[in-house]
Amino acid sequence: MPPSIIGRDTVGAHFARAQLRPSSEAPGLEWDASASPPPILDAITDPERIRRILATASALRSPALLRRGTLLTPLRLERLEADAGRLHWTCAAPDTGPCDVEFQGQGCMYRMHVTEGPHEAGAWVTPLPSRIIQVRRRAWRRAPAPGSLRVRLPLPGWLGRERAAVDVSLCGLSLKLAPSERLSVGRVLEPIELLTEGGQRLSLRGEVRHVSDGTDGTLHCGLRVTPLSLEDAEHWRALVTRALHPTTRVDGALVEEQWRLFSDSGYFDLGGRSPGWFEARRESFVALGQRVAGLEAVLSEVVWPSERGVEAALSIMKPYRSLWMVHQLARRQDGARYERVRGQMLRDVYVRAVEHAQADSGFRWLASYIESTVPFTHRVHVGFAERMAGTGRTCLLPMRMIDVECAPHSAREDSGLELGPATEAERGRLVEEVALTRPACYAEALDLRPETLDLEDAARPWLARGLERERHLLVAREGTTPLAVAVLEVGPPGTNPFRLLDSARLFPLSARGRQAYPALLDEARRWFAQRGRDGFTFLAEAPGDVEAAGLHDDAPEAKPYLWIIPADLAPEFLEHLHEQTAPRPLHIPEKELS
């Protein structure tokens, strides 16, 4: 069995729906400068979740503020004393009386009410809250601006006057102003000039979104910005990306090191394959990796380098029209010494991969094939799906992943079945079968609805870049009666060492449909061989499919799942990831990732 794309790589599962674009609309990767959504407030009362949030804030040294009216005081959560139910803070100044405490999460703020503030500067102890409010105000995460970035505003009397940017995001920036420089919300400023340390000048259009009092007597001004030219847009994107992701790279320059990481980390050991088997796939992987700078619309390879090489890697690709899939996660087992905080590598590669998908205006689904027996994968992916199960918006579909070679499996007698492309009526039968036996999000996310069945919209951006992407529907018939259908797909060699995009799924179209599975797989072997493949992955999604197909599962102890969540839950998933990877009070040995 090939490993799933995460870790080592049910019918009736919880489902989700999302609004799809018309088939005629081909979404591309773009920097969406649309207005931020209204704030989203969520009350969290589960005691275990509250403890995890606060433990994460303490471990990651998250910025915090004590707010009483308009007065803001910097704070820091030093530690959580869970058994005693107390929080230990460092407070810069006294502020007696009821107050609110706000601290930063991953792409959100948390707010808790405290009935009595600190009476003196220094240590401050508060009880563990029974309720925390999670506030999401922005569509895009912010990061501190480069210290050398200067801003010039087109204002009277500002000739030659510059201010330092405070932070930047995909479609915004903020800066500090003097009290006499207060701007009105809604005011449009054009052109705003940015001056970088390298001497670049960027021109932006800005709209004042908020003006608030800072902690140091200055005004904090937030602007929504739009680059004024394509060249400005490229420079702005590069600047923001460096600020958001200073520890990772996606330029493909380290693809050789990434391949070495797969070998050194044990990732290749998981499929039971020989080194020679992988070596035959190395050339296509490296060749594709060296092209990633022009393939952002369909894939990205995120690596976390240190002075000795690549320490961790995670890839993301867009195999379907509105779905981005994370895969081939690997990390060195002894790489923690290069982290500023334990768990940083995993957090950084995941955040960059998921935020790459979020920059795509067509992003509707996030997916992965996971191996649930890996502790990290279980905590992060399965744990999140289980936490969100009550919403009915997540999918965990148990399956088997079987490696099938294109050489004939064995000499078989003529099945007497007719094998050929699906007719229009048979395509309709397939859509009905999927709707009856799979979660709703499965059909939408994997392009198994009538309007997306040909995979044309999903394949278009791949083909435009000279990459393969194709789907074929193969039906086995007894006379004129369709018994079963195979959904065959190919993708570019090099996207995944375990041939994840070269796949087959089987669906029965009648009560005796499974009897046709061996014949369908034999024909699938020929189909893949005609496209230069030496094998493919059989994604068996119903109990008994492996046996019905005449195959053997070499790793029955594995428990892979297809994991799907809607795109609007991606920020919450990243928050869950941070909670699960933050340093723990006690070390708990666990099975290492590959």
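Everything quoted here is computed from the prediction, not taken from an experiment.
- In this structure Q104 satisfies the side chain to side chain donor-acceptor pair (under 3.5 Å) test with no other residue, sequence neighbours excluded.
- S174 is linked by a side chain to side chain contact (heavy atoms under 4.5 Å, CB included) to R142, V166, D167, H220, counting only residues two or more places apart in sequence or in another chain.
- Summarising the local packing, CD of E283 is surrounded by 12 or fewer heavy atoms from other residues, nucleotides or ligands at distances under 6.0 Å.
- Residues forming a salt bridge (Lys or Arg N to Asp or Glu O under 4.0 Å) with D42 (at least two apart in sequence, or on another chain): none.
- Screening residues 298-317 for side-chain hydrogen bond (donor to acceptor under 3.5 Å, both in side chains), with sequence neighbours left out, gives T247-W304, Q258-E301, E301-S315, E301-Q328, W304-D348, S306-E311, R308-E311, R308-D334, S315-Q328.
- A pairwise comparison of heavy atoms in L219 and A178 identifies CD1-O, 3.6 Å as the closest pair.
- Nearest heavy atom pair, residue W140 against residue C171, reads CD1-SG, 3.1 Å.
- The side-chain hydrogen bond (donor to acceptor under 3.5 Å, both in side chains) contacts involving residues 189-206 comprise Q200-H235, where partners must be two or more places apart or lie in separate chains.
- Taking the six-membered ring for Trp and the full ring otherwise, F376 and H381 have centroids separated by 6.0 Å or more.
- E339 is linked by a salt bridge (Lys or Arg N to Asp or Glu O under 4.0 Å) to nothing, counting only residues two or more places apart in sequence or in another chain.
- Using a 4.0 Å cut-off between a side-chain N of Lys or Arg and a carboxylate O of Asp or Glu, R471 and D447 do not qualify as a salt bridge.
- For the side chain to side chain contact (heavy atoms under 4.5 Å, CB included) criterion with L194, the lone passing option out of V168, D232, L204, V225 is L204.
- Evaluation of the ring-ring contact (aromatic ring centres under 6.0 Å, His included) rule for Y320 yields no partner, not counting sequence neighbours.
- Taking each heavy atom of A385 and T394 in turn, the nearest pair found is O-OG1, 3.3 Å.
- Partners of P492 under the side chain to side chain contact (heavy atoms under 4.5 Å, CB included) rule, at least two apart in sequence or in another chain, are W462, L467, T495, L501.
- For the residue pair T452 and R321, no side-chain donor N or O sits within less than 3.5 Å of a side-chain acceptor on the partner.
- Formation of a donor-acceptor pair under 3.5 Å by the R152 side chain with backbone atoms of P191 is not found in this model.
- Results of the side chain to side chain contact (heavy atoms under 4.5 Å, CB included) test with L175 over E162, E181, R163 single out R163 as the only residue that passes.
- Under 4.0 Å is where a charged nitrogen must lie from a carboxylate oxygen, and between E256 and R282 at least one such pair does.
- Residues meeting the salt bridge (Lys or Arg N to Asp or Glu O under 4.0 Å) test with R347, sequence neighbours left out: none.
- In this structure, P305 and T248 approach most closely via the heavy-atom pair CD-CA, 4.4 Å.
- With respect to the salt-bridge test (charged N to carboxylate O, under 4.0 angstrom), the residues E234 and R237 do not qualify.
- Here E355 pairs with R141, H245 under the side chain to side chain donor-acceptor pair (under 3.5 Å) rule; sequence neighbours left out.
- Between H576 and F384, the ring planes are tilted. Angles from 30° to 60° get that label.
- For the pair R291 and L295, the tightest heavy-atom approach, listed with the atom from each and the gap, is O-CG, 3.4 Å.
- Here E444 does not pair with R364 in a salt bridge; the nearest charged N to carboxylate O distance is not below 4.0 Å.
- A side chain to side chain contact (heavy atoms under 4.5 Å, CB included) with V354 is found for exactly one of L366, V349, V302, namely L366.
- In this structure, R52 does not pair ionically with E579, as no charged nitrogen and carboxylate oxygen lie closer than 4.0 Å.
- Shown here is Q290, whose CD atom has more than 12 heavy atoms of other residues, nucleotides or ligands within 6.0 Å.
- Considering only residues two or more places apart in sequence or on other chains, F285 meets the ring-ring contact (aromatic ring centres under 6.0 Å, His included) condition with W259, F262.
- Listed by chain and number, the residues in a salt bridge (Lys or Arg N to Asp or Glu O under 4.0 Å) with E468 are R533 (sequence neighbours excluded).
- A pairwise comparison of heavy atoms in W324 and A357 identifies CG-CB, 3.5 Å as the closest pair.
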